Every structure is written in C-alpha cells, then in structure tokens.
Amino acid sequence: MIDEHNIHAINMIALSSYMAGKYADAINNIICVLSHDINHHGAVSNFCSIIKGSLVKFKDSNNIKEKREIIFACYNAVNFASLHNDVLNIEFSFPILIEYMIIIGYKQEAVNLARLSFKINSSSQIGVLSTFNLINFGITDEECLKKSADIGIKSIRKKEYAPYAFCSVLFWCYWREKYKSMEFFLREMEKTIDINTIINSKQLHTWYMTKVDESFYKDILYKFNIDIQYQQEEYASHTDSKGVIFICVDENYWNRFSKDLAQDLLLEGTVFSVHVCIMNPSQETQNILTELKKDYSRFGYSTVNINNQPWISDTNKNMLYKTYYACNRFMMMNDILGAYQIPIISLDGDQIPIGDMDEFVERSLLEHDGDVAIHYGTRLGPGLEMVCDLAIFRPAPSTHLLFSIVSKYMAYFFSKGYALWMLDQVSFYAVLKFLQISGMAPRLSHIKLEQFPFDRYLFHPLDSVDKDAAIHAKRAARARKGREQEALLPAHREHPLPA
C-alpha cells in the first residue's frame, strides 16, 4: 500500500529499476508514485525521462519478451498520462510508440494511440504525425484522417503553409474521392509553397505530380506528343506463347540482376516469351542480347539511349535519369502490346525465379482477367497504393488509351525540370483515375499478394536490404538445392533405386 510515508521510496525504486534496465518495472512504479501524488516533486520529470529511455531501449533490444513488456508498460503509461494531461506531457512519445506498436504487431493499439493523440491536443501536429505513421505502415483510419485534415485546414487559413498541412488535407480528399477539392488544394499548394520545398519533400512531391483535373489533360497533355527512339528492336518469333514476361532495366541493373533473370526464364519456361528493354546498353550487352535472340525464338529485346530522346530535358537526362529507368516500361507498353498482341506480364528486374514459372504465368492470367491487373499495396496515397513489381496488361482499346495518355503524362514531366522519383506509379494512378472519372477506364483487376502466392514463384528483395547480397545468397541456396536434387537421381546413386 503506497502512502506519504513510502512514496519517496517507491520513486527511488522506479529510478533504480530504470538504471538496472528493468524498464517495465520502472514505468509501473513511477505510475504508482504519480497516481498517489500527481504533483510529486521530481516524479513528473522522472516519468517523462523513463518513457523516453524505455522507447530507446525498445529500439535497441533484440529480446522479444523485453520489447513486449516495454510496449505494454508504455501503453499503460500513455493512458495514465492522458488523464493528467495538464501535468504530464508525453506528446513526443506518440509517433514513435505508434511505429513500435505496429512493428511488434499491435495495429489496433496503434490506431487507439493515434486517436488519443488528438484528444490530448486537438490542435497539435502530433496527431497529424501519428496519422502519417499509420499511413506509412498501410493503416488507414477515417477518424484520424478527418481530424488531421481539420488541423491542416486551420493551418492553411492561418497562412501556416507547412508541408504537413497540405498533406493532411490531400490525404483526406484522396480517401473520400473528393477530386475537385483535391485539385483545389493542389493548386493552392503550388501557389503558396516554394517549388524547392515541394521537390525536397518526400510526400509533397508525389502530390505535386498528381493531376486528375480534366483541364490538365484537355489543355496540356493532349497537345504533348512523344516518339520513343529505339536503337534496336527485335521481337520474339515464337507464336504459341500464352504471354510475354517483360523486363525493362538500365545497363547497371541488367548486369547485376536481370541478365540472370532473363536466362533463368528462358531456360526454365516453355509457355511464355521473354522481352527485355535495356536502357543505355554497352556494346557487350548488345552482343549478349543478339546471342540470346539467336538461341531462343521465345526471346525479344529493345534498346534505348536516354540521350536520343529529344523530349527529355537536360536536367532529367543528367540528374534524374533513374526516374526514366523506372518509367520507360510504361512509356513503351503500347509498342510491346502492339508487337505481340498477347498479354504482357511486367516484372521488376531484380528478382529470382524460385518456382514453376509456366505455372506462374498461367495462374497469373487465369486469376486476373482484367485488361489491366496491378499489385495493390496497402498504403494510402498516389504512388503508394499501386506497386509496380508485378503487373499484367492485355491488348484492348481501353488499355491502349491508358498507355497513350500515361506516356504523354510521363513525358510532360520529363520535358520539365522535375521528373521526380515515384513518377511511374503516380502517373499510372492519376491517368487511371482520370479515365475512371470519365468512364473510359480499362477493366481493372487487383493483384492482392495475400491471395496470390507471388513468393512461391519469385524472390524479390525489399528496397531496405542489400539487394546484391540478398540475390547472391538466394542464388547460392538455389544452386545448392539443385545439386542436392541432382545427387538424388538414380544415375548419381551408388546403389540406384530399383525400377
């Protein structure tokens, strides 16, 4: 039982527990002190210090049990602090605690914390930042989005043009499909925020490249024409393919990943063709492509040099060329569809086949019968929901319309000085949404990886890891497995199995 006689001792026990690395005990003890005397001398500052230190420990710890104990105690502490918000200020903990809650698997508790952050301070940026954390981890909560947008509107009216204000309003418009409002705030953003600030903002620059307003297409885009200048074009001559796997990369990615990927696909598949496009290829790469074409009737290739495209500004050629590498697969899609007249399966070039790729192609086409099928992620926002590691496109008038506009859309930004990263996914989203609004969109299928077992057929390392090391390790493991299976064949046994 805690009283005025032992309250100081409990406070010291809390500090001793913290110093000894018993963070959950420290949090629980300091709550006991403050629940008895919320104005206890020193306990208030100790409370905040213990929470901060515990969250740092969570980040550094590899002990799952310890992490759970810290998270549980912090969740309790935040609830307690919300009851004494006039004394205990731990707003700082909300965004990071939400992130850690999600990482360890407690999504609903993360949403609860985000909602609570608005109740503690209805005008603070903490609630907005907490909402953004949810969005970054693929969690959308309408209550948080609405309250974030309210704060954003107030900030804009006060002429406080911080990036978070416009982002919070744009996310709400996007979620509610209020496209006219979204266009209004996009125009306001362009008027009031410096272009360099927009370009340097990870979130604002994707919104800046998002255009769904009819006037943009009518007055600007349809007047913009491009013609991709190819160095070489050789198409697969195999006529019985059910589809074409299409890989579009630069010379660097070709040497690191895609050359092996293309050769694996040609060796291991039979029901599909393979077409690669290499940007800025070396002579050695061009020779390899020529040899592959001689060896495989199922193989085709194109080569493109970025310097030969007159519609790309010098800034984008010299500084933002990686954006072009990501976009070119979509810009040339109508050419590929027109040449083959069968479904095209677009894959990222940094993958390894690990399953039956004939089955992968047949199953992909069978389960996704739309004219356009694209992998939808869970994160909210243009350039975030659509993930381009896997996409399927069928020849149809609406598909042709989509890519004729997408190529213009991308080329428009390439002709300017700001073809920024994510343009490929932003363009695809914006044009598709424009066509859906006008009633001219292709039939759409969603590739949902929780339903379609993508990782049964392909290994794709995340951007957050060392891709070269991950690919090398996977290929080595794949080779070992192949040797082990080969060793089990009767011809390699010391005592072959009986017939």
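Count residues from 1 along the sequence. Since the model is a prediction, treat every value here as computed from it, not as a measurement.
Aromatic ring orientation, Y409 versus F216: perpendicular (interplanar angle above 60°, classes split at 30° and 60°). Ring-plane geometry between F393 and F330 is classed as perpendicular, the angle between the planes exceeding 60 degrees on a 0 to 90 degree scale with a lower cut at 30. Classified by interplanar angle (parallel below 30°, tilted 30° to 60°, perpendicular above 60°), the ring pair F360/Y457 is tilted. By the 30° and 60° cut-offs, the orientation of the rings of F414 relative to Y324 is perpendicular.
By the side chain to side chain contact (heavy atoms under 4.5 Å, CB included) test, N225 pairs with K408, sequence neighbours left out. With sequence neighbours left out, the side chain to side chain contact (heavy atoms under 4.5 Å, CB included) criterion links A236 to S273, Y340. Shown here are the side chain to side chain contact (heavy atoms under 4.5 Å, CB included) partners of Y100, two or more places apart in sequence or in another chain: L55, F58, K59, I71, I96, I103. The salt bridge (charged side-chain N to carboxylate O under 4.0 Å, His left out) check on E143 picks up R115, K147, with sequence neighbours excluded. Not counting sequence neighbours, the partners of R443 by the salt bridge (charged side-chain N to carboxylate O under 4.0 Å, His left out) test are D371. In this structure D260 satisfies the side chain to side chain contact (heavy atoms under 4.5 Å, CB included) test together with Q263, R475, sequence neighbours excluded.
A salt bridge between K191 and E188 is present, with a side-chain N of the basic residue lying under 4.0 Å from a carboxylate O of the acidic one. Looking at R256 and D250, no side-chain N of the basic residue comes within less than 4.0 Å of a carboxylate O on the acidic one, giving no salt bridge. Using a 4.0 Å cut-off between charged side-chain N and carboxylate O, K146 and D150 make a salt bridge.
For the pair K211 and Y208, the cation-pi test (distance below 6.0 Å, angle within 45°) is passed.
For Y75, the OH atom counts as densely surrounded, since its 6.0 Å shell holds more than 12 non-hydrogen atoms of other residues, nucleotides or ligands.
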